[in-house]
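The model shown is predicted, which means the values in this text are computed figures rather than measured ones. Lettering of chains follows the sequences in order, A, B, ..., and the numbering in each one begins at 1.
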Number of protein chains: 2
Amino acid sequence: MAELCVHLVPLFNALPTNDQMQIEELVHHQNYQKSELVMDPTSSNNLVIVAHGGARLYTLDENGRENVTQILKTGDYAGENWLFGEANINTYVEATENSEICLLNRNEFLALMKKKPELSIQLLEQNIIKVRAMHRQIQLLSLPKVEDRLLSYLQTYAKQVNKNSFTLPLKMKDLALYLGTTPETLSRKFVLLEKQGTLKRKLRHIDLF
Amino acid sequence: MAELCVHLVPLFNALPTNDQMQIEELVHHQNYQKSELVMDPTSSNNLVIVAHGGARLYTLDENGRENVTQILKTGDYAGENWLFGEANINTYVEATENSEICLLNRNEFLALMKKKPELSIQLLEQNIIKVRAMHRQIQLLSLPKVEDRLLSYLQTYAKQVNKNSFTLPLKMKDLALYLGTTPETLSRKFVLLEKQGTLKRKLRHIDLF
DNA sequence: AGCAGAAATTGACGACCATCAAGAAAAAAG
DNA sequence: CTTTTTTCTTGATGGTCGTCAATTTCTGCT
């Protein structure tokens, strides 16, 4: 048997197992044939999790032409926004092969949240943290110079761990990605900052001045 | 008398007035003298809203030196993270002048959310939408070329309104900021895309091909 | 330890873009 | 309608950064 479907959704998988079980109980596992329609704008809103198989999302434009917006394969999901507030006004979901697909119904989920307020509070807390992290990243990425982005990142991180001497939690490659640059440029910027006397570095260990 | 304090917090001010009133009832308005400590790590967690005056946030580093992290003036607030989950472990809030400061206590707020599940659901819905918007923006900003960022933005927007012919909701200046570039570069990119035949533009009206 | 594969660095080069400044076009004000 | 102000465009220039390729350093594995 498959894992818990809710495990596949990042928003859920950090929840206490207890809460996850409660959500899992709401999930409708269903099998769909290839080309079968899973959802359309007239359906009630659902979170769609592809437990096994594949699906595609598409909209119809003003001329009635299909416009594929997303492809889902095993383990992917869509419709977080339909689960939380937004109505699905123009999107169709269709199985691209014989698939096992899990649906989590908005109304049932709302009912659960009303019955167990801790659940929505948990989700909210998690989300707020995420928003703050994303906000920081946007501010970083908005800085035109990589040098500034790096320094800002390091200072923020130093503040976070409340130390001026620390070990980077990311590899260069990932830090580069996070800062919207390349490992090469990042490397150069490190030596630049070191030359400027802003920091001292040995591998991934940083001393910030 | 002042406006509702909760109005100042973006997370709250889109809520139905009804919900806002309930939150407002929890708010403790208090007056602080210059240099008086509003919060420290031993206090229970609060959202801090400066209704009138000023305050500063600081942490103490390993040597006991103060490290100012944020300055609040009238209308600013801090501690969204303390209200929602994260504990305040090292931050002090101090009034920088005689101030009227509103505190929203975490425990009281939690109690309200448990009593009125709709409130946290509302907040959650709002947050999810925000996360999605921010996620899009991060993806955009991660594209190295302004040209790609612009095109991606336009395509996403077209998909959103489900039309290939639309009027931009932002002025050039703001769009430039959103895309992490300057109005000048943005302008050039528009003519470039137009030359390529990717779009046609007249002022802020776009036809996408 | 020693080897293999990955990760990080360095150099050279060219494209891209921010900046400054000036001009044109549109919007707002009178 | 005219004037004023704001917004947008265009040009020239220099710095920044991404790309490709080669080398060095690090890490995991047996």
Next on the checklist: Between the side chains of B:Arg56 and B:Glu66, is the shortest nitrogen-to-carboxylate-oxygen separation below 4.0 Å, so that they form an ion pair?
Outcome noted: yes

Item to check | NZ/NE/NH1/NH2 to OD/OE distance under 4.0 Å, B:Asp76 and B:Lys73 | outcome: yes

[X] [atom1] - [N] [atom2] separation (whole Å):
| X | N | atom1 | atom2 | answer |
| --- | --- | --- | --- | --- |
| B:Leu141 | C:dC17 | CG | C1' | 15 Å |
| B:Leu192 | C:dA15 | CG | C1' | 13 Å |
| B:Leu143 | C:dC16 | CG | P | 15 Å |
| B:Leu177 | D:dT7 | CG | P | 13 Å |
| A:Met172 | C:dA6 | CE | P | 19 Å |
| A:Phe190 | C:dT10 | CZ | P | 12 Å |
| A:Asp148 | C:dC17 | CG | C1' | 15 Å |
| B:Leu175 | D:dT9 | CG | P | 11 Å |

Residue pair [X] / [Y], side-chain heavy-atom distance below 4.5 Å:
| X | Y | result |
| --- | --- | --- |
| B:Asn45 | B:Leu83 | no |
| B:Met39 | B:Tyr92 | no |
| B:Ile206 | B:Ser165 | no |

Item to check | Main-chain N/O of A:Glu97 paired with A:Ser99 side-chain donor or acceptor, under 3.5 Å | outcome: yes

Next on the checklist: Dot-bracket, 5' to 3', for DNA chain D please: Watson-Crick or G-U pairs under 3.5 Å, [ ] where pairs cross earlier ones, | where the partner sits on another strand, dots elsewhere.
Outcome noted: |||||||.||||||||||||||||||||||

Give the table of side-chain donor-acceptor pairs shorter than 3.5 Å for residues 121-131 of chain A, with sequence neighbours excluded, one pair per line with atom names and distance.
{"unit_1": "A:Glu125", "atom_1": "OE2", "unit_2": "B:Arg106", "atom_2": "NH1", "d": "3.4"}
{"unit_1": "A:Gln126", "atom_1": "NE2", "unit_2": "A:Leu11", "atom_2": "O", "d": "3.4"}

Checklist entry - Quick one: what's the B/S/- string for nucleotides 12-21 of chain D, heavy-atom cutoff under 4.0 Å, read 5' to 3'? => result B---SSBBBB

Checklist entry - Can you pull the salt bridge (Lys or Arg N to Asp or Glu O under 4.0 Å) pairs that have at least one residue in residues 132-146 of chain A, sequence neighbours excluded? => result none

Checklist entry - A:Phe166: what forms a ring pair (Phe, Tyr, Trp, His ring centres under 6.0 Å) with it, not counting sequence neighbours? => result A:Tyr157

Checklist outcome for this item: The correct set of residues in residues 197-209 of chain B placing a heavy atom under 4.0 Å from DNA chain C is none

Next on the checklist: For a quick check under 3.5 Å, do B:Thr59 and B:Asn90 share a side-chain donor-acceptor pair by atom type?
Outcome noted: no

Next on the checklist: Does either side chain, that of A:Asn105 or that of A:Asn46, offer a donor lying less than 3.5 Å from an acceptor on the other one?
Outcome noted: yes

